[in-house]
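Report on one structure; see the data block that follows.
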Amino acid sequence: MTRRFYVTTPIYYVNGAPHIGHAYTSIAADVMARFHRLAGHDVFFLTGTDEHGQKVEQAAQAAGVEPQAFVDRIAADFRDMADSMAISYDDFIRTTEPRHVTGAQALWERVAQNDAIYLGAYEGWYALRDECFYGEDELTTGPDGQKLAPTGAPVEWVKEPSYFFRLSAFQDRLLELYEQCPEFLGPHGARNEIISFVRQGLRDLSISRTSFKWGIPVPGDEAHVMYVWFDALANYLSALGFPDMDGARAAYWPADLHLVGKDIARFHAVYWPAFLMAAGIDVPSRIFANGWWTVEGQKMSKSIGNVIDPRDLVREFGLDAVRFFLLREVPFGGDSDLSRKALITRNNVELANDLGNLAQRTLSLVAKNCEAMILRGVSQRLRISSFSHRWRCCPSLWPRNWNAVP
RNA sequence: GGCGGCGUAGCUCAGUGGUAGAGCAGGGGAAUCAUAAUCCCUUGGUCGGCGGUUCAAAUCCGUCCGCCGCUACCA
């Protein structure tokens with residue numbers, strides 16, 4: 001039987017434009033997908049967008065458009081980014097699609113049937129002005145004894161009805177999973193942090209909200225929408241046609257690899273397997289967290305204005321050069337810095353000088369000594385024919401040297 | 001505060017008990033099938049400090065200094 005391989009990127013949250021970090025995770029997943037296809041495996045490669053939640057609702061409001069119109073626009077931009085980076089996804093799922101709403105609600109019902117969800121109250125210090133909850137340790141006390149948020153807004157103790165997931169009941173089973181399947185979570189640093197987090201003890205997780213509407217309704221209680229992480233994580237199943245586990249795609253489950261950014265490792269390595277265990281569904285084989293990129297030594301941020309759109313890099317340096325650099329520059333799992341100098345050096349030395357020079361030497365030898373012909377079998381095995389074809393048709397496709405600009 | 005990681009050549013880092021390594025940068029040279037390319041040689045380090053275990057420590061233990069991460073419902 002042909003080996004199946006199911007690999008996913010995170011679904012990207014649509015409250016901002018795609019940047020180099022999104023492209024990086026997607027490229028890494030793409031390379032895995034392409035590798036397994038070359039190995040003859042039956043690959044399913046999923047990417048998509050996460051489109052619910054209060055932040056999106058607010059962003060849409062700020063932009064003066066309906067949430068659906070807002071997410072349509074941003075999701076299209078993420079899809080364009082994936083296409084521009086030659087991400088060979090088999091499906092692009094959006095959490096606002098009916099198939100996902102069906103899948104997420106079915107997962108909820110499965111978990112609820114197994115008695116892992118109960119109705120309680122989410123309570124905490126809430127600042128009406130900021131529309132946000134704060135932790136006890138973040139608060140300060142004003143001169144009149146009024147508790148204040150870090151922003152200076154007055155807070156009050158409020159209770160909001162909420163459904164809770166019995167996360168605390170899964171602590172031992174999670175630790176057992178990490179212990180028995182050391183490959184489940186990588187790299188080592190992320191694994192250690194997650195294990196120590198779970199060992200500290202898990203509290204039940206609030207998984208519904210009544211304070212906003214932009215989300216998937218909780219089955220049987222329309223006053224609530226699902227907490228975005230319950231909604232979002234379900235995408236890996238709903239894209240396979242869940243809850244229909246007899247469909248063609250269902251055979252890809254359990255996923256072989258969820259590739260994620262290190263900021264969301266915990267949601268994938270703790271909440272996700274717990275939800276699945278509660279639903280009686282197999283857990284994925286592996287979660288791997290990649291690191292972050294700084295830009296010219298600085299953290300990427302909107303306020304600094306150094307957020308890089310990967311498509312801009314591609315326009316300047318070419319697609320393969322950018323893809324090569326991102327994967328070559330850093331030991332996978334670690335953080336790294338994206339600088340013009342490093343990008344230019346990698347491309348000049350390794351692609352243009354080393355590889356380009358080797359190909360150039362080979363071709364000129366062939367031209368001089370072999371009547372410019374390569375035997376068909378040989379050329380197919382070495383894939384030289386496509387090289388020489390591209391060379392004749394379009395020399396600009398060859399690696400180019402770049403002059404370093406300070 | 002607690003837990004964890006890191007500190008090795010000018011720079012980025014590999015190396016987890018047995019004569020200190022790579023790439024880039026610097027210096028010198030060669031050859032031609034080859035681009036401002038390539039190839040060879042070479043300079044350069046008290047392996048953060050101190051103490052301990054050992055025949056032997058970058059590597060194990062203790063301690064100190066410095067940097068970083070995690071410490072839940074903000075995706």
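The sequence lines fix the lettering, A, B, ..., with proteins before strands; numbering per chain opens at 1.
Ion pairing between a basic and an acidic side chain is recognised when a charged N comes within 4.0 Å of a carboxylate O; Arg311(A) and Asp80(A) show such pairing. The residues Arg249(A) and Asp244(A) are annotated as not salt-bridged, no charged nitrogen and carboxylate oxygen being separated by less than 4.0 angstrom. Of the charged side-chain nitrogens involved, none lies within less than 4.0 Å of a carboxylate oxygen, so that Asp77(A) and Arg73(A) do not count as a salt-bridged pair.
Under the 4.5 Å side-chain criterion, counting only non-hydrogen atoms from C-beta, Trp125(A) is not in contact with Pro154(A). For the pair Leu257(A)/Thr8(A), no side-chain contact is recorded, criterion being any heavy-atom separation below 4.5 Å from C-beta on.
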Nucleotides 40-42 of chain B: which of its N/O atoms have a protein N/O under 3.5 Å away?
none

Give every pair of a protein N or O atom and an N or O atom of nucleotides 7-13 of chain B that lie under 3.5 Å apart, one pair per line with the distance.
none

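Under the side-chain hydrogen bond (donor to acceptor under 3.5 Å, both in side chains) criterion, Arg99(A) pairs with Asp91(A), Glu97(A), not counting sequence neighbours.
Asp354(A) comes within 4.0 angstrom of the backbone, heavy atoms only, and of no base. Across all strands, Ile194(A) comes closer than 4.0 Å to no nucleic acid atom at all (heavy-atom distances). Across all strands, Leu358(A) comes closer than 4.0 Å to no nucleic acid atom at all (heavy-atom distances). Here Tyr12(A) lies out of heavy-atom contact (under 4.0 Å) with every strand. Across all strands, Gly261(A) comes closer than 4.0 Å to no nucleic acid atom at all (heavy-atom distances).
Regarding Tyr271(A), its OH atom lies at a distance of 7 Å from the P atom of C73(B), rounded to whole Å. In this structure, Arg199(A) atom CZ and G4(B) atom P are separated by 10 Å, rounded to whole Å. Distance, Trp125(A) CH2 to C74(B) P: 18 Å, rounded to whole Å. Note: CZ (Arg166(A)) to P (A72(B)) measures 23 Å, nearest angstrom. In this structure, His268(A) places its NE2 atom 18 Å from P of C70(B), rounding to the nearest Å. When rounded to the nearest whole Å, the span between CD1 of Ile195(A) and C1' of C3(B) equals 13 Å.
A sub-4.0 Å separation between OP1 or OP2 of C73(B) and a side-chain N or O of Arg266(A) is absent. Taking side-chain N and O atoms only, Asn357(A) has no distance below 4.0 Å to OP1 or OP2 of U38(B).
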Once pairs are restricted to Watson-Crick or G-U wobble with both distances under 3.5 Å, how does RNA chain B read as a dot-bracket string, [ ] for crossings and | for other-strand pairs? ((((((((.[[[[.)..(..]]]].(((((.......))))).....[[[[[..)....]]]]])))))))....
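In the model, Glu160(A) has a side-chain atom that pairs as donor or acceptor with a side-chain atom of Thr210(A) under 3.5 Å.
Taking the six-membered ring where tryptophan is involved, the planes of Phe332(A) and Phe288(A) are essentially parallel, since the angle between them stays under 30° and well short of 60°.
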Could you go through Trp272(A) and Phe267(A), starting from their C-alpha distance and side-chain angles, then the distance that decides it, and tell me whether this counts as ring pair (Phe, Tyr, Trp, His ring centres under 6.0 Å)? CA-CA 6 Å; Trp272(A) 182 226; Phe267(A) 300 98; over 10 Å; no
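Applying the ring pair (Phe, Tyr, Trp, His ring centres under 6.0 Å) test to pairs two or more places apart or on separate chains, those with a residue in residues 50-85 of chain A are Tyr12(A)-Phe78(A), His22(A)-Phe78(A), His52(A)-Trp214(A). Applying the ring pair (Phe, Tyr, Trp, His ring centres under 6.0 Å) test to residues at least two apart or on different chains, the pairs with a partner in residues 165-198 of chain A are Phe165(A)-Phe170(A), Phe165(A)-Phe275(A).
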